Novice: 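Dropping a structure here in structure tokens format, bear with me for questions.
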Number of protein chains: 2
Amino acid sequence: MSVPVQEETLRARKRTATLLTIRTAAIELGLEKGYENVTVEMICEASMVSQRTFFNYFGSKEGVFVTAGKNMPSPEQVHGFVEGTGSSVFGDLFSLIADTMVDGDPNLKLFRSRHQLIAQTPELLNREKARISETEEAFVGYVMARYHFQGRDVSSTPDLEDEARMVVALVSGAMRYAMQKWVAGNFTATRTELVRSVSALIQRVTANEHWP
Amino acid sequence: MSVPVQEETLRARKRTATLLTIRTAAIELGLEKGYENVTVEMICEASMVSQRTFFNYFGSKEGVFVTAGKNMPSPEQVHGFVEGTGSSVFGDLFSLIADTMVDGDPNLKLFRSRHQLIAQTPELLNREKARISETEEAFVGYVMARYHFQGRDVSSTPDLEDEARMVVALVSGAMRYAMQKWVAGNFTATRTELVRSVSALIQRVTANEHWP
DNA sequence: CAGCATATTTGCAGTTCCTGTAAATATGCA
DNA sequence: TGCATATTTACAGGAACTGCAAATATGCTG
């Protein structure tokens, strides 16, 4: 009758709790005093752990602010993208990335605070950009998989991988644009609307072009 | 008769010499041992200056490798872009940025060594990317200026600045794509060819789209 | 050239981030 | 309960970086 409630072991729960405690304290301090005026020591004192534990969890001071939980799409998400109805690689990829960033984080409040802090701290913003761009390689793979699923092949299109890279680069650019608007608070819309709005802008921009 | 040879004062020449000595030593050591295995102390010993002097010059360890001086486009370049014949914002902006990056470094040998080291050091590569993306804000301004020069105005197009940002974001994405290829050594072409190639790819990618 | 003003270099103390190591403590499990 | 393993902690120390004031070098004027 009684379902085992113990989905997670005590250890795991404590770990999660500690991680969240530290991160919350860090972000709170960061927003209050500014990133560079917060020392690891302060964060540790506020969250009642040793410095060594802090570094065990996050590896670096920046890590506690920048590293989100998992920010790679789940296999299901990837599958959905690869075999998607997919008339629009661009829109679909944008959605996939947006999903990965937003839905991955269960705590929306913390997520927003985190991004507010990152947005107002050049050092963290750069790191965040770097982190995002590091995942691009994976996305190139997904786009290629999708192309293959659609029957497109390297034999028919020799520079198919270049094409994939370009798609990822463009989406990435669009993503940065969207993130910028989002943290600036100009996007209260749902993600669907956001995708639509961004897509429209891209279309307009590219349509206006008289290419060289 | 004798033209004053003293274009630069002794002080200035010494400064330049010291800077070059330190940077050269640093890059040599970096290529030899790898970035993270080189300490500032080693660089200082090799170039016979104190650590304090090192930091006076470069501000940080990364600085000696990444900072190339400021490379923003000259007023003439900007003017050329703003009032350009301009059938293609995209291509023109891409060219402007490419010009800005390649220009300016008188010492080609060192320039190449530097980029080789940056390319093989993720930490430096990220920093380099960050440095580039920091100039994006300025480019948004140039695009807006160009729009205005073309008679486009915020009154007729309320979200003109959004459009400018999107253009910069997309070009920036394309730029990263190009840099990636460049670092990988797949681009031996001239910049004109590079622009053409990138443009063609963008057109193909966007043309294939069935936008949402 | 002397001598003063200013620029540059340097030494040194101190802060902060971060790492290795080994001991102490907590949890999981038989 | 008691052992295996995971987690936390203290401690020592390396390396990046900053502020400060003294020492040195250069520029300039008379």
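Just so it is clear, the values below take in all heavy atoms, side chains as well, and ignore hydrogens, waters and symmetry mates. This structure is a prediction, so every number in the text was calculated from the model and none was measured. The chains referred to below are lettered A, B, ... by the order of the sequence lines, with proteins before strands, and numbering in each begins at 1.
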Novice: Whole angstrom is fine here: how far is it from CD1 in I22(B) over to P in dT8(C)?
Specialist: 13 Å
Novice: Would you check if there is a donor-acceptor pair between the side chains of T21(B) and T24(B) at a distance under 3.5 Å?
Specialist: no
Novice: Could you state the CG-P distance from L19(A) to dT7(D), rounded to the nearest angstrom?
Specialist: 12 Å
Novice: E45(A) has an atom CD; how far is it from atom C1' of dT9(D), in whole Å?
Specialist: 16 Å
Novice: For dT7(D), take OP1 and OP2 only and decide whether either is under 4.0 Å from a side-chain N or O of Y57(A).
Specialist: no
Novice: Looking for any heavy atom pair under 4.0 Å, which part of the strands does F58(A) touch: base, sugar-phosphate only, or nothing?
Specialist: nothing
Novice: Please give me every residue in residues 27-39 of chain B whose heavy atoms get under 4.0 Å of an atom in DNA chain C, ordered by residue number.
Specialist: none
Novice: Tell me whether K61(B) contacts the main-chain N or O of V38(B) through its side chain, where contact means a donor paired with an acceptor under 3.5 Å.
Specialist: yes
Novice: Using modelled atom types and a 3.5 Å cut-off, is there a donor and acceptor pairing between side-chain atoms of R127(A) and backbone atoms of E62(A)?
Specialist: no
Novice: For residues 29-54 of chain B, which residue pairs qualify under ring pair (Phe, Tyr, Trp, His ring centres under 6.0 Å), counting only residues two or more places apart or in two chains?
Specialist: Y35(B)-F65(B), F54(B)-F58(B)
Novice: Salt bridge or not for R204(B) and D162(A), using N-O below 4.0 Å?
Specialist: no
Novice: Would L96(B) and D92(B) count as a side chain to side chain contact (heavy atoms under 4.5 Å, CB included) if you check the C-alpha gap in whole Å, the side-chain angles of each, and the deciding distance to 0.1 Å?
Specialist: CA-CA 6 Å; L96(B) 179 66; D92(B) 290 356; over 6 Å; no
Novice: Under 3.5 Å, side chain of E83(B) to main-chain N/O of G80(B), donor-acceptor pair present?
Specialist: no
Novice: Give a yes/no answer on whether the side chain of T53(A) brings an N or O atom under 4.0 Å of OP1 or OP2 in dT8(D).
Specialist: no
Novice: Sugar-phosphate means primed atoms, P, OP1 and OP2; the rest is base. With that split, encode nucleotides 18-26 of chain C 5' to 3' as B, S or - using protein heavy atoms under 4.0 Å.
Specialist: BBBB----B
Novice: Please report the distance, rounded to the nearest Å, between CE in M42(A) and P in dT15(C).
Specialist: 13 Å
Novice: Below the 4.0 Å mark, does dA7(C) have OP1 or OP2 next to a side-chain nitrogen or oxygen of R15(B)?
Specialist: no
Novice: Looking only at side-chain N and O atoms, does T121(B) offer a donor or acceptor that is under 3.5 Å from a partner on E123(B)?
Specialist: no
Novice: Got a second to check how far R146(B)'s CZ is from L93(B)'s CG, nearest 0.5 Å?
Specialist: 8.5 Å
